[in-house]
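A quick write-up on the structure given underneath.
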Amino acid sequence: MTAIPLIVDCDPGVDDAVALLLAFAAPERLELLAVTTVGGNVPARLTARNARIIRQIAGRQAVPVYAGAEQPLVRAAEAASHFHGESGLGWMEPFEPDVPTAAGHAALAIVETVMARPAGTVTVAAMGPMTNLALAMRLEPAVVDRLAQVVVMGGARREGGNITASAEYNIFADPHSAQIVFSSGLPAVVLGLDATHQVRTTPERLAAIKALDRPAARIVAQLLEFSQDVERRLVGPEPPPLHDPCTIAWLLAPELFTAVPVGLSVETSSPLTLGHTAVEFRGTDPGGSAIRWVTKVDADGVYALLLEHLRG
Ligand code: RIB
Ligand code: CA
């Protein structure tokens with residue numbers, strides 16, 4: 001099985017960091033062409049630094065990290081540091097990584113990376129506000145047909161919102177970019193809260209990660225313990241959902257997920273429902289829709305996959 005050429009677009013962010021560690025731990029399956037970062041959970045200068053920190057911890061400094069959009073396309077930036085800590089990496093002590101960000105804006109890096117490869121080969125895993133990908137599509141529209149697909153963590157239907165009553169954070173943070181991406185015709189697999197809320201870090205699952213006693217596993221355990229603490233303080237007693245790693249898990253083991261063709265539109269103007277994803281199952285022609293919405297996840301399988309790759 002050949003490795004999937006992949007660009008990870010992210011806003012680390014505690015769960016982005018776990019997703020990056022999983023992706024970095026699967027070099028035989030994922031050919032990481034670049035990591036691109038965006039302002040989101042924490043400001044852009046921190047998300048770029050945090051991606052470089054995780055890259056260094058994973059020992060993958062050859063993978064370029066490109067810093068991208070500091071602001072959403074239209075609306076004002078709205079961070080989520082209450083869920084990720086001021087640094088964006090929870091309780092982890094941040095440090096200045098050895099290797100700097102690569103030259104050039106992330107959006108341009110996406111264009112150059114995708115256009116330099118055969119059509120239909122490069123995948124983007126988008127796990128933050130999709131400003132960089134939307135900008136890339138506007139800078140070079142040919143990117144849409146050149147890309148293989150985008151795997152998105154974002155949106156919500158059955159589960160309601162996690163940043164407002166009706167919107168999930170990544171889409172809420174930049175609804176205009178999300179609408180550009182979802183209306184572009186690019187094949188998309190979308191893991192919204194309907195999917196990620198099925199994947200929760202229970203004490204038993206955390207204990208299994210801790211028991212590995214490996215460097216990356218210790219970092220993941222600390223990140224997930226932070227999420228458990230924040231979830232308990234800000235949301236309620238349920239274990240925290242594992243959002244962004246589900247995009248990487250889908251790439252590594254799509255058989256763990258059930259996805260159905262849908263229509264999907266984003267609310268970009270209503271002050272009350274900004275960022276709402278209107279996910280339409282009815283009357284969607286399976287062959288005609290570019291978007292597949294994940295409805296079911298084998299959560300035990302996702303954690304087994306994470307353990308397998310953290311075992312090193
Ligand atoms: O709603 C969850 C998403 O918002 C995740 O990508 C998390 O990192 C935050 O960005
Ligand atoms: Ca994220």
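Everything numeric here is computed off the predicted structure, so don't read it as measured data. Atoms within each ligand, like the ligands themselves, are counted from 1 in listed order. In this chain, residues are counted from 1 in sequence order.
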Apex the Ca ion (ligand 2) - arms OD1 from Asp16 and OD1 from Asp11 - angle rounded to 10°
90°
Out of Glu168, His84, Met127, indicate the one that has the non-hydrogen atom closest to atom 3 (C) of ligand 1.
Glu168
Do Thr202 and Tyr303 have side-chain N/O donor and acceptor atoms under 3.5 Å apart?
no
Considering only heavy atoms, does Ile163 approach ligand 1 within less than 4.0 Å through its side chain, its backbone, both, or neither?
neither
Please say whether more than 12 non-hydrogen atoms of neighbouring residues, nucleotides or ligands are located less than 6.0 Å from CZ in Arg45.
no
Heavy atoms of other groups near Gln61 CD, more than 12 under 6.0 Å:
yes
Short list, please: which atoms of ligand 1 are under 4.0 Å from a heavy atom of Met153?
2 (C), 3 (C), 5 (C), 6 (O)
Just wondering, are more than 12 heavy atoms of other shown residues or ligands nearer than 6.0 Å to CZ in Arg218?
yes
Report, rounded to 10°, the angle at the Ca ion (ligand 2) between the two atoms O (Met127) and OD2 (Asp244).
90°
For Glu267 and Ser269, test the side chains for any donor-to-acceptor distance below 3.5 angstrom and give the result as yes or no.
yes
So, regarding Asp16 and ligand 1 (criterion: nitrogen or oxygen to nitrogen or oxygen, under 3.5 Å), is there a contact or not?
yes
Number the atoms of ligand 1 from 1 as they appear, then name those within less than 4.0 Å of a heavy atom of Tyr169, with their elements.
1 (O), 4 (O), 9 (C), 10 (O)
